[in-house]
Amino acid sequence: MKVIAFGEILWDVIDGQYLIGGAPLNFAAHFKQCGGESAIYSKVGNDENGRRAIEKLKALQLDLNFVQTDNIHPTGLVNVILKNGQPAYTIDKDVAYDYILPPLESLPDFDALYFGTLAQRNETSRNTLIKLLRNNIFQHIFYDVNLRKDGYTQNIILDSLGSCTILKLNDEEVNTLSSMIWHKEMNFDEFMRNVFDSYAQIKTIILTKGSKGCSIYEKGSEVIEVPSLPVVVKDTVGAGDAFSASFLYSYLIGCQVTESAVLANRIAGFVASQEGPIPNYSDSLKIEISKIHGKR
């Protein structure tokens with residue numbers, strides 16, 4: 001399986017420590033750890049942080065053919081403050097990933113495209129994403145809402161919902177999106193019905209609920225509740241991205257949504273129990289992933 005993740009490459013600064021990150025990069029790295037092929041479509045600055053980022057991406061064995069270099073704008077940076085393992089973000093603006101340019105020709109074959117919201121805050125990168133969606137065919141388009149303060153508008157949300165086949169969001173984002181689009185806060189069931197009625201191309205909706213696991217709707221089916229195992233949380237940065245990557249990977253290789261969600265919960269929980277957004281998987285996780293391969 002082969003995916004391309006569009007959006008931000010940045011450095012998370014946590015307690016003075018620089019950790020490579022950005023939701024699309026985290027997603028691509030976790031998809032690779034699951035056994036797939038990952039490319040990231042992004043931009044870094046022509047600076048020390050950009051050069052260090054490229055070296056990190058090489059170490060993660062990601063496809064760098066679609067990573068651009070910006071001679072004017074710096075590499076993205078985010079200051080992260082953790083409180084009880086939960087992050088609060090201060091995100092630098094006017095950085096390299098705000099100025100991602102479109103490709104000169106169509107992309108080579110990818111099974112899926114992953115994108116989020118933050119990298120669409122600037123019109124240059126947003127227009128590039130629109131062109132990628134318009135000029136290429138993907139088996140699935142995965143939209144991880146992943147809202148960040150001052151990083152979205154109603155038009156960005158509406159266009160993103162109109163482009164994806166798989167939608168992932170959390171409890172708080174259900175409230176934000178329902179208020180923004182339908183002008184009232186909705187519970188999960190009402191929100192899902194409205195999404196399916198309004199966006200015919202969306203086939204699967206995933207609601208992540210932290211320690212409570214996740215709920216999954218497939219169009220025409222009843223909601224599926226998938227609990228997660230308890231973990232001691234150290235740092236939740238990257239856990240949601242790991243969920244997205246492992247869910248999509250297992251789904252693409254032929255797993256049912258419940259089996260995909262069980263694995264995704266397990267990997268997200270492991271990431272939350274570790275430091276940093278891209279820890280190396282434990283031997284037990286690798287065994288679980290290999291079992292999924294064995295069933296296919």
Side-chain angles (χ1 to χ4, degrees), residues 1-12 14 19-42 53 56-64 66-67 78 80 87 110-116 118-119 140-146 166 168-170 204 206 208 210 213-214 226 228-229 231 233-253 255 257 259-293:
M1 293 293 106
K2 190 175 180 182
V3 300
I4 187 162
F6 177 89
E8 60 271 19
I9 292 174
L10 52 82
W11 288 94
D12 288 318
I14 305 175
L19 298 171
I20 193 67
L25 188 154
N26 295 339
F27 170 91
H30 284 288
F31 195 91
K32 179 70 176 178
Q33 283 207 76
C34 286
E37 295 182 51
S38 299
I40 182 160
Y41 198 114
S42 187
K56 287 288 187 180
L57 298 181
K58 289 178 180 176
L60 293 167
Q61 299 182 327
L62 301 181
D63 181 347
L64 306 185
F66 307 98
V67 179
V78 176
V80 184
F110 287 97
D111 297 295
L113 170 71
Y114 166 98
F115 73 97
L118 179 61
H140 286 289
I141 299 170
F142 192 109
Y143 174 40
D144 188 349
V145 175
N146 214 10
I166 301 174
K168 172 182 166 284
L169 70 172
N170 62 34
T204 304
I206 305 164
T208 54
C214 64
V226 185
S228 59
L229 297 174
V231 298
V233 173
K234 192 165 191 177
D235 170 1
T236 64
V237 177
D241 310 323
F243 179 101
S244 299
S246 49
F247 179 91
L248 183 59
Y249 177 76
S250 52
Y251 191 64
L252 286 174
I253 66 172
C255 295
V257 292
E259 187 177 13
S260 299
V262 168
L263 178 67
N265 279 341
R266 175 77 175 86
I267 291 179
F270 171 78
V271 172
S273 72
Q274 307 294 307
E275 280 190 352
I278 317 172
N280 291 324
Y281 289 174
S282 65
D283 290 340
S284 62
L285 274 187
K286 292 176 183 177
I287 290 170
E288 289 189 40
I289 294 169
S290 67
K291 286 179 180 177
I292 285 180
H293 284 282

Novice: I'd like to check V67 versus L62 (side-chain heavy atoms, cut-off strictly below 4.5 Å). Are they in contact?
Specialist: no
Novice: Find the distance between CG (L248) and SG (C34) and round it off to the nearest 0.5 Å.
Specialist: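 Those atoms lie 9.5 Å apart.
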Novice: Checking F27 against I40 for the side-chain contact (heavy atoms from CB on, under 4.5 Å) test, could you report, in this order, the C-alpha distance in whole Å, the side-chain angles of both residues, the deciding distance, and whether it holds?
Specialist: CA-CA 9 Å; F27 170 91; I40 182 160; over 6 Å; no
Novice: Over 60° means perpendicular and under 30° means parallel, so tell me whether Y249 and F31 are parallel, tilted or perpendicular.
Specialist: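 Y249 and F31: perpendicular rings.
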Novice: Locate the shortest heavy-atom distance separating L19 from G276; write the atom from each residue and the value.
Specialist: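 Scanning both residues, the minimum pair turns out to be CD1-CA, 3.8 Å.
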Novice: Output the distance between atom CZ (F247) and atom OG1 (T204), rounded to the nearest 0.5 Å.
Specialist: 6.0 Å
Novice: Quick one: does L64's side chain get under 4.5 Å of K58's, heavy atoms only?
Specialist: yes
Novice: Once rounded to the nearest 0.5 Å, what's the spacing between atom CD1 of I20 and atom CG of D12?
Specialist: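 Between I20 CD1 and D12 CG, I get 8.5 Å after rounding to 0.5 Å.
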Novice: Would you call the rings of F66 and F110 parallel, tilted or perpendicular, where under 30° means parallel and over 60° means perpendicular?
Specialist: perpendicular
Novice: Determine whether R266 and S284 make a side-chain contact, defined as any pair of heavy atoms from C-beta on separated by less than 4.5 Å.
Specialist: yes
Novice: Nearest 0.5 Å, please: how far is CG in N280 from NZ in K286?
Specialist: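 Those atoms lie 6.5 Å apart.
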Novice: With I278, which of D241, N26, V271 fulfils side-chain contact (heavy atoms from CB on, under 4.5 Å)?
Specialist: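 Single side-chain contact (heavy atoms from CB on, under 4.5 Å) partner of I278 among D241, N26, V271: N26.
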Novice: Go through the structure and list residues passing side chain to side chain donor-acceptor pair (under 3.5 Å) with D111, not counting sequence neighbours.
Specialist: none
Novice: Can you see which heavy atom on F243 is nearest to which on A261, and at what distance?
Specialist: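 That would be CE1-O, 4.3 Å.
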Novice: Where is the tightest heavy-atom contact between A119 and G7, given as atom of each residue plus distance?
Specialist: CB-CA, 3.5 Å
Novice: More than 12 non-hydrogen atoms from neighbouring residues, nucleotides or ligands closer than 6.0 Å to NZ on K32, yes or no?
Specialist: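 Enclosed.
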Novice: How many angstroms lie between CD1 in I166 and OH in Y143, if you round to the nearest 0.5 Å?
Specialist: 14.5 Å
Novice: Between S273 and V233 (side chain of the first, backbone of the second, donor and acceptor by atom type, cut-off under 3.5 Å), is there such a pair?
Specialist: no
Novice: What closest approach, in Å, do L60 and A29 show between heavy atoms, and which atom pair accounts for it?
Specialist: CD1-CB, 4.1 Å
Novice: For P277, does its backbone N or O pair with a side-chain atom of H30 as donor and acceptor, under 3.5 Å?
Specialist: yes
Novice: For a quick test of reading the model, state the closest non-hydrogen atom pair linking Y114 to S244 and the distance between them.
Specialist: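 That closest heavy-atom pairing would be CE1-CB, 4.2 Å.
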Novice: Grab the two heavy atoms, one from I9 and one from A53, that are nearest each other, plus how far apart they are.
Specialist: CG2-CB, 4.2 Å
Novice: So, taking the atom named CG in L285 and the one named CG in L263, what distance separates them when rounded to the nearest 0.5 Å?
Specialist: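 CG of L263 is found 7.5 Å from CG of L285.
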Novice: Taking the side chain as every heavy atom from C-beta outward, state whether I4 and D63 have any atom pair closer than 4.5 Å.
Specialist: no
Novice: So, T236 side chain and A239 main chain: donor-acceptor pair closer than 3.5 Å or not?
Specialist: no
Novice: Any sub-3.5 Å donor-acceptor pair from Q33's side-chain atoms to Y281's backbone N or O?
Specialist: yes
